[in-house]
Amino acid sequence: MNRSGQDYLDALRDGRAVWIDGQPVDDITEHPAFRNTARSIARLYDMACEGEHREALTVRPEGSGEPVLRAFHAPRSHAELVARRRGFKTWSEASFGFLGRSPDYMAAGIAGFVSAPDVFAGAEFDGRANLDAYYRRMTQGSLYQSFTITNPQIDRTKSAAEQEEDDLFVRVVKELDGGIVVRGAKMIGTAAVFGDEIIVGTIEPLAPQDVEYALCFSVPVNTPGLKFISRTSYEASARSVFDNPLSSRFDENDALLVCDDVFVPWENVLTYRNVESTFGMWWLTPTYNNFVHQAATRFWTKLEFLTGLAILIARANNTYDLPPVRMQLGRLIGWLNIAKSMVLAAEAAHEEVPGSGGVVQINREIASAHRAMAGDLCPKVLAEIKMLAGGGLIQLPASGYDLTHPELGPLVAKYVRSPGHPAEQRIKLMKLAWDALGSEFASRHEQYERFYHGAPHVYLPGIVRDGNPDLLAAFTQSCLDGYQLDEEPFMERGTADGSA
């Protein structure tokens, strides 16, 4: 692993077509909407090169050769699953859990692809050789694979082929000797503008008639015809690290991807005109489970940060020793340990990937349960901490400059403080809390935690599909079958009216 943070930043200066506020972005490493987050990601690459973190973040493939990011490695034992999670944890702690789509996310997904390559062998197009070359390219270059795999929210009651307009979703419009030409759009490209390559596919089920939309490919982000339309940048709105300590550095952004007659070489195509393989590459390989492994570790890290924030707020408000506050903190710590325990349990109850030759993945049922738990739990955590903070989140100076003003500074120092917490310390804490709990950046993160695993109406029925409902029902049925109503009449055990 010899890719440094500077190497990564240099690679971003490639002429990629990123737009924000109606203007093109010449260089995202210098633009105020992206530059600090780009450097936060670069810091992750530097960590992988440093002695302190190298062992956690990298591994030598098959015990020899140049080290690669551990997230690209397909684990074959519980110990290797734990080692991969330690790498996830190391990087997630660097952003306090606020960079959800850091480079290890899709790297773990790619490791899932190569664990079950036969899924990519369609009847008319066999993507296995391309997959093998793709894996080598990504791992050897330590490349950051961003992705867009969701169709725009046009009309979810209709399949892709049934939409009233053409080219709403990415589809093939022309075949050439050297590749294909695609046109259409994808959402939500979280961190898409920061990637080296963008993988474009479809994680949603496709109808049999959607063969033109049944494809997956990966191309460099600066490929002609690719256009990224960014949402509002919270980093650009941040006044300073003092006033916005999280949004000023960890706004991974989200973008709409538009493909305007983009040429994709055949060697970059992974699936083509095959509904089953285009959908199955995410679900019939360990890929999605690998996503959950990274995401669950990051969620655990974020809850550690938020719980620590709650403790600091209680101490700053001098309420830490009050029994009701201790109860609230106990609830938060309990939720944190539920999230942590689910990660450890999913690793301990790992499963072998069928046909992989020994590759293992975290337990699928526990992974599905985590998806249900995290989206439901996050809003509750935020609500508890807001209750602990009270009005202190609202009554804050507009910026840190108020502290340095000769007239305002003494007033702020007198009135915005608490026992053991002078004004500057208290303001820094509450600014951090607001950025994590109540800012636009925080609202985006709450929505992200609710939906980055998909919509609840999709993944909750999936738990029934992937679990053992018949086994659970049989267990309960055995209880019902074990007694008869007339064996011990209820009326004889109680009073005449049946009460105990």
**Q.** Derivation and outcome, side-chain hydrogen bond (donor to acceptor under 3.5 Å, both in side chains), residues Arg13 and Thr29
**A.** CA-CA 7 Å; Arg13 302 184 182 100; Thr29 68; 3.1 Å; yes

Passes salt bridge (charged side-chain N to carboxylate O under 4.0 Å, His left out), Lys431 versus Asp435? Steps please. CA-CA 6 Å; Lys431 290 277 189 180; Asp435 217 13; over 6 Å; no

Check: Between Lys186 and Thr202, is a side-chain hydrogen bond (donor to acceptor under 3.5 Å, both in side chains) present by the stated rule, with each step listed?
Finding: CA-CA 9 Å; Lys186 288 285 181 179; Thr202 302; 2.8 Å; yes

- Test salt bridge (charged side-chain N to carboxylate O under 4.0 Å, His left out) applied to Glu50 and Arg43, step by step: CA-CA 11 Å; Glu50 296 171 353; Arg43 172 63 186 140; 2.6 Å; yes

Check the pair Ser230 / Asn253 against side-chain hydrogen bond (donor to acceptor under 3.5 Å, both in side chains), numbers first and verdict last.
CA-CA 7 Å; Ser230 169; Asn253 207 275; 2.9 Å; yes

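Annotation: cation-pi pair Arg84/Phe88 absent, no NZ/CZ under 6.0 Å from the ring centroid and within 45° of its normal. Under the 6.0 Å distance and 45° angle rule, Arg3 counts as a cation-pi partner of Tyr45. A cation-pi contact links Arg101 to Tyr105, judged by a cut-off of 6.0 Å to the six-membered ring centre and 45° from its axis.
Under the 4.5 Å side-chain criterion, counting only non-hydrogen atoms from C-beta, Glu384 is in contact with Trp335. When side chains are defined from C-beta on, Pro103 does not count as touching Gln145, because their heavy atoms never get closer than 4.5 Å.
Note on ring orientation: taking the six-membered ring where Trp is involved, the planes of Phe169 and Tyr213 are perpendicular (angle over 60°, cut-offs 30° and 60°). Ring geometry for Tyr288 against Phe291 counts as perpendicular: the plane angle is over 60°, on a 0 to 90° scale with 30° as the lower cut.
Checked against a 6.0 Å centroid threshold, the rings of Tyr135 and Phe113 do not count as neighbours. Aromatic ring centres of Phe98 and Phe305 lie closer together than 6.0 Å.
The only option from Val18, Thr37, Val221 that meets the side-chain contact (heavy atoms from CB on, under 4.5 Å) definition with Phe194 turns out to be Thr37.
Note on Arg16 versus Asp26: no salt bridge recorded, every NZ/NE/NH1/NH2 to OD/OE distance being 4.0 Å or above.
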